[in-house]
Amino acid sequence: MAATIQIIRTKRMKAQGGVCFYCGFPVWTGDPSDYIRQTGLTRKQAERFRCTAEHLTARCDGGTDAEENIVAACHFCNQTRHATSTPMPADKYRAKVRCRLARGKWHMAALRCAGRLRRSTS
C-alpha cells in the first residue's frame with residue numbers, strides 16, 4: 001500500500017510541475033541535497049518543502065487511495081491543513097493558503113534566507 005502511495009505521489013508531483021498543490025512552491029523527494037544547493041535553504045528549511053501525498057478527502061472521512069483523491073503537497077501545507085480537529089476542505093484550504101501567500105504570511109520565515117526559491121503562479 002505505501003509503495004502505491006509513493007508511486008501516485010511521484011506521478012502527481014510530475015503532473016503538477018513539481019510544485020505543491022496548495023502553495024505552488026517547488027517540492028522535492030529523495031535526497032534533498034540538490035534542492036538545498038539550488039535554493040540556498042538549510043536542511044531544516046528544505047524539510048518544509050518535502051513532497052508528501054495529500055488526500056483531498058481524508059481516509060477517515062471516506063477518502064480512498066485512488067489517484068484522483070491524491071495530490072502532491074509540501075510537508076508544511078499538508079501538516080498545517082491537518083493541524084485542526086476538522087481539516088478544511090482542500091479547495092477552501094488552497095484558497096486560504098494562496099490568500100496568505102499574497103499577504104506574505106506563508107513560508108516567509110524560511111524564504112527570507114533563500115532568494116532563489118519561487119512560487120509557481122499557475
Side-chain angles (χ1 to χ4, degrees):
M1 184 75 78
T4 302
I5 296 291
Q6 290 173 355
I7 291 167
I8 294 171
R9 176 196 67 206
T10 301
K11 188 174 182 180
R12 299 301 291 165
M13 182 179 125
K14 288 178 183 174
Q16 292 168 211
V19 299
C20 174
F21 176 78
Y22 296 114
C23 69
F25 277 91
V27 294
W28 60 272
T29 60
D31 181 358
S33 298
D34 286 340
Y35 188 85
I36 290 167
R37 196 168 26 263
Q38 291 169 359
T39 62
L41 295 173
T42 66
R43 186 169 289 272
K44 183 177 178 181
Q45 291 168 331
E47 180 61 28
R48 175 185 206 106
F49 299 100
R50 180 176 46 83
C51 186
T52 64
E54 164 73 334
H55 289 79
L56 297 173
T57 301
R59 286 181 274 197
C60 64
D61 294 329
T64 67
D65 290 342
E67 189 172 331
E68 59 273 3
N69 188 46
I70 296 174
V71 294
C74 71
H75 181 260
F76 181 77
C77 286
N78 190 336
Q79 292 297 309
T80 305
R81 178 177 176 218
H82 297 287
T84 62
S85 58
T86 312
M88 208 179 268
D91 57 339
K92 290 184 181 185
Y93 181 69
R94 186 179 195 192
K96 174 185 175 179
V97 169
R98 301 285 169 119
C99 181
R100 294 209 50 199
L101 276 165
R103 293 183 301 168
K105 303 282 186 180
W106 203 259
H107 293 312
M108 292 309 122
L111 299 174
R112 282 190 198 104
C113 301
R116 292 178 291 206
L117 186 60
R118 298 283 182 251
R119 180 174 76 94
S120 170
T121 55
S122 57

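Side chains are part of it too, since the values below use all heavy atoms of this structure and drop only hydrogens, waters and symmetry mates. Here the structure is a predicted model, which is why all the values come from computation and not from measurement.
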Residue list, salt bridge (charged side-chain N to carboxylate O under 4.0 Å, His left out) with Arg81, at least two apart or on another chain: Glu54
Qualifying residues under side chain to side chain donor-acceptor pair (under 3.5 Å), relative to Asp34, sequence neighbours excluded: Arg37
Remaining members of hydrophobic cluster (4.5 Å side-chain criterion), Val27: Met13
Sequence neighbours excluded, every pair satisfying salt bridge (Lys or Arg N to Asp or Glu O under 4.0 Å) that has a member inside residues 2-11: Lys11-Glu67
Phe25 and His107 aromatic ring geometry - parallel, tilted or perpendicular at 30°/60° bounds: perpendicular
For Asp31, all residues meeting salt bridge (charged side-chain N to carboxylate O under 4.0 Å, His left out), sequence neighbours excluded: none
Residues in side-chain contact (heavy atoms from CB on, under 4.5 Å) contact with Leu56, at least two apart in sequence or another chain: Phe21, Tyr22, Asn69, Val71, Ala90
Test side-chain contact (heavy atoms from CB on, under 4.5 Å) applied to Ala15 - qualifying residues, sequence neighbours left out: none
Residue list, side chain to side chain donor-acceptor pair (under 3.5 Å) with Thr10, at least two apart or on another chain: none
Partners passing side-chain contact (heavy atoms from CB on, under 4.5 Å) against Lys105 (at least two apart in sequence or in another chain): Arg100, Arg103
Minimum heavy-atom distance Trp28-Ala46, with the two atoms named: NE1-O, 2.7 Å
Results of salt bridge (charged side-chain N to carboxylate O under 4.0 Å, His left out) for Lys96 - residues two or more places apart only: none
Residue pair Pro87 / His82: nearest heavy atoms and the distance that separates them: CG-ND1, 3.6 Å
Atom of Ser33, atom of Arg43 and distance for their closest heavy-atom approach: OG-NH2, 4.1 Å
Which pairs would a plain distance check flag for residues 72-79, meaning a side-chain donor or acceptor within less than 3.5 Å of a matching protein atom at least two apart in sequence or in another chain?
residue: His75; atom: NE2; partner: Arg50; partner atom: NH2; Å: 3.4
residue: Asn78; atom: ND2; partner: Thr52; partner atom: OG1; Å: 2.8

All side-chain contact (heavy atoms from CB on, under 4.5 Å) counterparts of Ala83, not counting sequence neighbours: none
Cys51 to Thr29 - nearest heavy-atom pair and separation: CB-CG2, 3.5 Å
Short side-chain to backbone donor-acceptor contact, Arg12 and Ala53, under 3.5 Å: no
